[in-house]
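The analysis underlying the following values was restricted to heavy atoms, covering all of them including side chains, and did not include hydrogens, waters or symmetry mates. Note that the structure is predicted; figures quoted are calculated from it, not measured. Numbers here simply count residues along the sequence, with the first being 1.
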Amino acid sequence: MRKVTFGGANSLDNYFAGTDGGMDWLMWSDEAMELMNDYWPKVDTIVMGRKTYEVAMASQSKVEEKGSGGDGHANAEAANPYGDIKTYVFSTTLSAGKTAGGAEIVADDPGEFIRELKSQEGKDICILGGGNLARTLLEADVIDEIGFNIHPVLLGSGVPLFYEMSRQIDLELIECRPFTNGCVYVLYRVKN
C-alpha cells in the first residue's frame, strides 16, 4: 500500500506562513535540499487544498510572467506547477474536473478519496500545505507520516500548521535531526 505523508516547513509556533502569506522567514540550507532531493523521487502524487493550489499557481504565474512582461496574476490555464506529478486539489468552490494545466479538482470526501488512492499502484502520496485538509485526513486515518523542518522563529500569527481536531492523534518519532542553521527536522509515524 502507498504511503501518505504530510509535511513541509514551519515556524516553532506552528505556522506555515505569516499573516500576509509571507514565507521570507524560511531558512534554506544544503541539509534541507538533501532531504527534498531524497523525498521527491519517492512521490508520484500530490494532494492539496484550494488555497495551497491558488498560492502555487500564483507563484508559478509570477515566475512565468516576469520573463514575458505579464501582470503576475494566477492563470487557471497555467501548467501544473508540479510538472508530471499527478496533482489533486480538494475544493468545494472550484468546478470538479481536470484543469487545462493537468491538475484535477476533486469535490469528493477527502478521506475516502485518499483511501482509494492508497490502494492503487504507485509511489508515495504527498499532502502539500493545507492544515485544514491535513486535519480532515488525519481524522480519517489516512496519513502515515508527518515530517517538518522546524525553523527557529516565532511568527506570532499566520497560516496555522494544525487546526483544532476532534480527537487526539498519537505519533511515534522516527527521526530527529538538527541542521547547522538552527532548524530541526522531525519525522513521525502516525499511530492508527
Side-chain angles (χ1 to χ4, degrees), residues 1-21 23 36 39-40 42-59 74 76 80-82 85-99 101-150 155 157-174 185-192:
M1 185 169 288
R2 301 164 77 181
K3 181 169 49 176
V4 177
T5 60
F6 171 56
N10 62 293
S11 65
L12 184 59
D13 54 351
N14 284 322
Y15 293 103
F16 270 132
T19 304
D20 62 355
M23 295 169 52
M36 290 178 4
Y39 175 76
W40 284 110
K42 299 174 187 173
V43 171
D44 69 0
T45 305
I46 293 175
V47 176
M48 67 184 81
R50 178 193 51 83
K51 292 176 190 173
T52 301
Y53 177 68
E54 288 177 347
V55 168
M57 294 304 291
S59 296
N80 181 348
Y82 302 101
I85 297 177
K86 184 72 176 164
T87 303
Y88 295 100
V89 179
F90 282 93
S91 175
T92 57
T93 58
L94 299 175
S95 297
K98 291 238 185 217
T99 67
E104 186 172 339
I105 309 299
V106 179
D108 299 343
D109 174 81
E112 289 305 314
F113 187 86
I114 299 301
R115 199 168 280 107
E116 174 63 27
L117 273 183
K118 285 179 78 165
S119 70
Q120 298 172 4
E121 290 292 320
K123 295 182 180 181
D124 292 347
I125 301 165
C126 170
I127 308 303
L128 192 62
N132 259 329
L133 179 58
R135 170 185 54 195
T136 300
L137 298 177
L138 282 164
E139 290 180 341
D141 292 326
V142 295
I143 294 179
D144 302 297
E145 290 182 356
I146 299 174
F148 285 97
N149 180 4
I150 303 168
L155 294 178
S157 63
V159 180
L161 173 59
F162 293 107
Y163 287 78
E164 185 176 325
M165 290 188 241
S166 63
R167 63 180 174 83
Q168 177 176 312
I169 307 291
D170 293 324
L171 309 172
E172 177 184 349
L173 182 65
I174 297 172
Y185 171 70
V186 293
L187 178 64
Y188 292 94
R189 181 181 67 79
V190 177
K191 294 180 174 182
N192 290 333

With sequence neighbours excluded, what pairs up with Lys42 under the side-chain hydrogen bond (donor to acceptor under 3.5 Å, both in side chains) test?
-> Asp38

Atom CE in Met48, atom OG1 in Thr87: separation rounded to 0.5 Å?
-> 5.0 Å

Side-chain contact test, heavy atoms from C-beta onward, threshold under 4.5 Å: evaluate it for Ile146 versus Ile169 and give yes or no.
-> no

Contacts of Lys3 meeting side chain to side chain contact (heavy atoms under 4.5 Å, CB included) (sequence neighbours excluded), chain-then-number -> Thr5, Asp124, Asp144, Glu145

To the nearest 0.5 Å, what is the distance between CG (Leu171) and NZ (Lys191)?
-> 8.5 Å

Who pairs with Arg2 by salt bridge (charged side-chain N to carboxylate O under 4.0 Å, His left out), at least two apart in sequence or on another chain?
-> Asp44

Less than 3.5 Å apart, which donor and acceptor atoms pair up between the side chains of residues 102-111 and the rest of the protein, not counting sequence neighbours?
unit_1	atom_1	unit_2	atom_2	d
Asp109	OD2	Gly111	N	3.3
Asp109	OD2	Glu112	N	2.8

Between CG of Leu187 and CD1 of Ile174, what distance do you get to the nearest 0.5 Å?
-> 4.0 Å

dist Asn149:CG -> Met36:CE (nearest 0.5 Å) comes out at 9.5 Å

Not counting sequence neighbours, which residues clear side-chain hydrogen bond (donor to acceptor under 3.5 Å, both in side chains) with Asp170? List them please.
-> Gln168

By side chain to side chain contact (heavy atoms under 4.5 Å, CB included), which residues pair with Glu164, not counting sequence neighbours?
-> none

Listed by chain and number, what are the side-chain hydrogen bond (donor to acceptor under 3.5 Å, both in side chains) partners of Arg135, not counting sequence neighbours?
-> Asn132

Report the residues that fulfil side-chain hydrogen bond (donor to acceptor under 3.5 Å, both in side chains) with Ser119, sequence neighbours left out, ordered by chain and then residue number.
-> none

Ser11: what forms a side chain to side chain contact (heavy atoms under 4.5 Å, CB included) with it, not counting sequence neighbours?
-> Asp13, Tyr15, Trp25, Val153, Leu155

Qualifying residue for side chain to side chain contact (heavy atoms under 4.5 Å, CB included) with Phe90, from Thr136, Thr52, Val47, Leu137 = Val47

Compare all side-chain heavy atoms of Lys123 with those of Val43 and state whether any distance is below 4.5 angstrom.
-> no

Might you confirm whether atom NZ of Lys51 has over 12 heavy atoms from other residues, nucleotides or ligands at distances under 6.0 Å?
-> no

Output all residues satisfying side chain to side chain contact (heavy atoms under 4.5 Å, CB included) with Val159, sequence neighbours left out; order by chain, then residue number.
-> Phe16, Ala17

Looking at residues at least two apart in the chain, or sitting in another chain, which of them share a ring-ring contact (aromatic ring centres under 6.0 Å, His included) with Tyr88?
-> Phe113

Reported CG-to-CZ distance for the pair Asn14 and Phe148, which is rounded to 0.5 angstrom = 8.0 Å

Which atom of Leu117 lies closest to which atom of Ile125, heavy atoms considered | CB-CD1, 3.8 Å

Is any side-chain heavy atom of Cys126 less than 4.5 Å from a side-chain heavy atom of Tyr39?
-> yes

Glu139 backbone acceptor or donor facing Arg167 side chain under 3.5 Å | yes

Calculate, to the nearest 0.5 Å, the distance between atoms CD1 and CG belonging to Ile114 and Asp141 respectively.
-> 13.5 Å

Non-neighbouring partners of Glu121 that pass salt bridge (charged side-chain N to carboxylate O under 4.0 Å, His left out), sequence neighbours left out | none

Minimum side-chain heavy-atom gap Phe6-Val190 below 4.5 Å | no

